[in-house]
Amino acid sequence: MKDNLFGKTLQELEEVVTGEDMPSFVAKQLTDWLYKKHIQQIDDMRNLSKKNISLLKKKYQVGLIKHTSVQVSVDGTKKYLFPTANEKFIESAFIPDKNRATLCVSSQIGCKMGCLFCMTGKQGFQGHLSAGEIINQIHSLPEFDELTSVVYMGMGEPFDNLENVLKSVEILTADWGYAWSPKRITVSTIGIVPAMMRFIEVSKAHLAISLHSPFEEDRKKIMPVENVYPIPKLLDSIKSFDWNSQRRISFEYIMFKDFNDTQKHINELARILNGIKCRINLLRFHPIPDSPLASPDEKEIVEFRDRLNAKGIVTTIRTSRGEDIFAACGLLSTKKLLKELDSEKDF
Amino acid sequence: MIDPSKHKLREVIVKNRQEIAAGVFVFSYERVYSFTSGQVVAITVDLTDEPRLYSIASGENESEISILFNVLPEGKLTTQLANLSNGDKVFVSRPFGEFKGDEESAYWIATGTGIAPFVSMYYSGLGKDKIIIHGGRTLRSFYNQEVFQKAYGERYHRCCSGEKGEHVFNGRLTDFLKTQNNLPIDFKYYLCGSSEMVVETRDILIAKGIPFNQIIAEIYF
Ligand SMILES: Cc1cc2nc3c(=O)[nH]c(=O)nc-3n(C[C@H](O)[C@H](O)[C@H](O)COP(=O)(O)OP(=O)(O)OC[C@H]3O[C@@H](n4cnc5c(N)ncnc54)[C@H](O)[C@@H]3O)c2cc1C
Ligand code: SF4
């Protein structure tokens with residue numbers, strides 16, 4: 001099996017070329033072809049010598065992966081299905097909106113974190129995506145040229161796959177890569193603190209934290225991670241960084257009826273977020289099969305937003321997109337496409 | 001290289017290392033910090049690697065901290081831990097985490113090494129009014145089974161998916177749970193183990209009428 005060049009950083013490509021006795025500047029030529037000129041195969045790298053092309057082709061391929069299907073929502077959202085190296089599948093959601101277009105990318109196949117409200121969590125975990133597989137969702141998107149931003153909010157917990165996520169952000173933002181501004185990228189986490197701290201230190205992309213309740217005991221009931229990295233530890237870590245620069249931190253808050261939607265929650269949110277320059281995005285809950293949770297009605301969500309704004313926390317309601325094709329937040333899952341491997345279970 | 005002071009890691013000496021079943025090990029080290037049962041520590045053997053988390057499997061008042069782990073064939077740390085001998089050094093963090101038990105009536109449901117926090121809670125005096133369901137692949141993998149059998153009798157259920165045994169349910173823990181009717185809705189249900197087990201078990205409990213807010217889970221992600 002040939003190794004993929006696509007998804008490697010400049011440093012990794014330097015190791016590839018020097019390993020083949022080529023001069024190290026060839027690595028820069030490779031990044032140009034891979035990330036700026038969108039070539040499909042090594043033969044297309046026209047400024048490489050024939051000898052170098054044939055050397056590379058012995059062990060490597062470009063490694064781009066085409067989507068295998070696409071579903072289109074009535075609201076224009078598109079859900080793409082990509083195969084992965086381990087013969088599983090991932091989904092990405094393309095969300096056009098007036099003069100903006102966002103791609104929601106996956107970072108893992110399934111997820112280990114088991115959040116009660118999430119379809120990906122119900123699917124379980126089938127593997128990490130390589131940096132190439134993460135970037136491929138962007139690069140191989142037919143609407144690549146329309147993209148204004150990318151959010152790591154698809155399948156998986158990005159900070160459970162930190163190295164590949166960091167590499168993918170590096171390729172997107174480096175001069176030798178896509179040279180995007182980090183302001184076009186948001187990585188969303190449920191708060192795996194050690195990995196999050198590393199991300200904040202080494203990357204300049206925006207950060208979104210899935211909070212969903214300001215109370216530790218309540219958050220535990222819907223997000224097992226709260227037992228390991230509880231809200232106070234999470235927020236203390238965040239407060240140790242300066243968020244006054246261009247970089248944004250936001251808190252995602254899915255609204256659940258009679259669970260996290262009262263004045264008590266507003267007061268507590270205001271208390272715990274005091275001192276952090278941030279915003280809150282309210283999300284409507286999209287019910288998943290057999291879920292014990294429900295969404296409040298529209299009026300209650302609007303009131304909740306207004307009361308948070310009145311407390312001085314900039315709060316918006318995220319428009320639900322692609323609900324009819326299960327592309328909306330928390331609905332991504334490729335479970336139906338998996339062959340059940342019962343023997344892998346330890347119980 | 002990890003900065004041990006930043007991660008608050010401390011060097012400790014491995015003691016009482018034992019393989020309790022194929023690929024399942026327990027070892028201990030001298031307790032330096034106090035902890036609450038249910039908490040975890042971060043452990044690494046090599047300071048160039050990110051530490052992994054392990055539940056404490058001993059009581060709050062014991063002089064040693066015990067760690068129960070199973071080896072993942074391609075796992076970075078567990079393959080190193082499996083090769084340790086008594087007297088070797090490992091780096092450990094202060095205990096942390098909020099997966100805490102209490103004195104209320106509860107089910108303790110675990111698979112594999114997920115039994116560790118419940119062993120700790122038991123030896124810390126929280127064992128009263130509990131029902132234990134433990135799933136594992138082999139009959140030897142039920143850590144602390146002699147003690148639990150004596151203490152709980154009929155209220156201690158072992159579910160073994162790989163072998164048959166006396167007083168052991170032959171099958172998966174989730175299959176056993178499906179056979180249980182009239183599960184009390186006012187009990188708490190503590191789950192600990194892999195995400196697959198937690199997600200499947202939680203779905204079964206909810207389908208059986210247990211309110212989701214009575215279910216607390218620790219996932220070994
Ligand atoms: C709160 C908490 C407490 C824990 N307590 C314990 C404990 O008491 N005992 C114990 O043995 N372990 C425990 N763990 C797990 C432990 O932290 C390590 O993850 C585990 O021991 C593997 O470490 P490793 O370095 O050997 O494997 P790694 O080198 O980290 O490799 C494991 C690899 O397998 C992948 N992987 C994990 N699960 C799956 C899966 N289902 N399918 C496919 N790939 C998978 C991982 O993502 C990773 O890439 C706990 C984890 C957490 C979060
Ligand atoms: S919400 Fe995110 S972290 Fe939680 S289960 Fe879903 S994908 Fe995983």
Side-chain angles (χ1 to χ4, degrees), chain A residues 108 110-126 156-157 159-163 190 192-195 197-198 201 213 216-233 256 258-259 288-293 335 340-347, chain B residues 2 6-7 38-40 42 50-51 53 70 93 96-100 109-114 117 133-137 141 159-162 171-177 190-203 206-207 209-221:
Chain A
Q108 295 180 309
C111 184
K112 295 183 207 139
M113 300 301 150
C115 303
L116 181 64
F117 45 83
C118 173
M119 268 311 267
T120 314
K122 276 200 172 221
Q123 159 167 354
F125 176 74
Q126 286 85 39
E157 161 54 45
F159 294 160
D160 189 41
N161 186 17
L162 179 70
E163 294 311 321
I190 56 169
I192 300 189
V193 172
M197 299 290 278
R198 242 197 89 216
E201 273 168 15
S213 174
E216 289 172 65
E217 287 310 310
D218 283 350
R219 195 168 183 257
K220 274 185 190 177
K221 294 167 186 163
I222 55 170
M223 299 173 74
V225 73
E226 178 65 24
N227 285 305
V228 188
Y229 300 117
I231 296 169
K233 183 167 176 158
F256 302 112
D258 302 329
F259 180 75
I288 60 173
D290 307 321
S291 173
L293 299 159
K335 186 169 186 176
E340 189 75 55
L341 286 173
D342 250 10
S343 58
E344 282 181 4
K345 291 184 178 170
D346 68 345
F347 57 95
Chain B
I2 292 166
K6 188 171 159 198
H7 282 258
Q39 287 192 309
V40 298
E50 199 51 44
L53 307 187
N70 68 306
S93 73
F96 64 95
E98 297 291 324
F99 186 64
K100 293 177 185 166
I109 304 175
T111 47
T113 54
I133 306 177
H134 189 186
R137 275 204 191 129
S141 66
C159 310
C160 191
S161 56
R172 297 189 194 290
L173 175 149
T174 40
D175 294 333
F176 173 76
L177 265 177
Y190 290 91
L191 319 182
C192 184
S194 66
S195 76
E196 286 84 351
M197 177 290 260
V198 164
V199 168
E200 249 182 272
T201 303
R202 194 174 57 193
D203 280 352
I206 290 170
I210 309 302
F212 76 90
N213 54 17
Q214 296 285 98
I215 305 169
I216 307 291
E218 175 95 309
I219 291 183
Y220 284 1
F221 54 79

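Throughout, protein chains are lettered first and strands after them, A, B, ... in sequence-line order, and every chain is numbered starting at 1.
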Counting only non-hydrogen atoms closer than 4.5 Å, does A:C115 touch chain B with its backbone (N, CA, C, O), its side chain (CB onward), both, or neither? backbone
Select one option (side chain, backbone, both, neither) describing which atoms of [X] are under 4.5 Å from chain A's heavy atoms.
X	value
B:I206	side chain
B:F96	side chain
B:L53	side chain

Test salt bridge (charged side-chain N to carboxylate O under 4.0 Å, His left out) on A:E163 and A:R198 and set out the steps. CA-CA 10 Å; A:E163 294 311 321; A:R198 242 197 89 216; 2.6 Å; yes
Quick check on the interface: out of A:P292, A:G110, A:G124, who has the most heavy-atom pairs with chain B under 4.5 Å? A:P292
Per-residue tally against chain B (heavy atom, under 4.5 Å) across A:L116, A:V228, A:D290, A:D160 peaks at A:L116
Those residues that, when tested against A:R219, pass salt bridge (Lys or Arg N to Asp or Glu O under 4.0 Å) (two or more places apart): A:E226
Qualifying residues under side-chain contact (heavy atoms from CB on, under 4.5 Å), relative to A:S291, sequence neighbours excluded: A:F285, A:I288, A:L293
Taking B:H134 for the side chain and B:G112 for the main chain, is one N or O donor matched with an acceptor at less than 3.5 Å? yes
Sort out for me which of B:N213, B:D175, B:L173 touches chain A most, counting heavy-atom pairs under 4.5 Å. B:N213
Assess A:K112 against B:F221: is NZ or CZ under 6.0 Å from the centre of the six-membered ring, and within 45 degrees of the ring's axis? no
Centroid-centroid distance, B:F212 to A:F259, less than 6.0 Å: yes
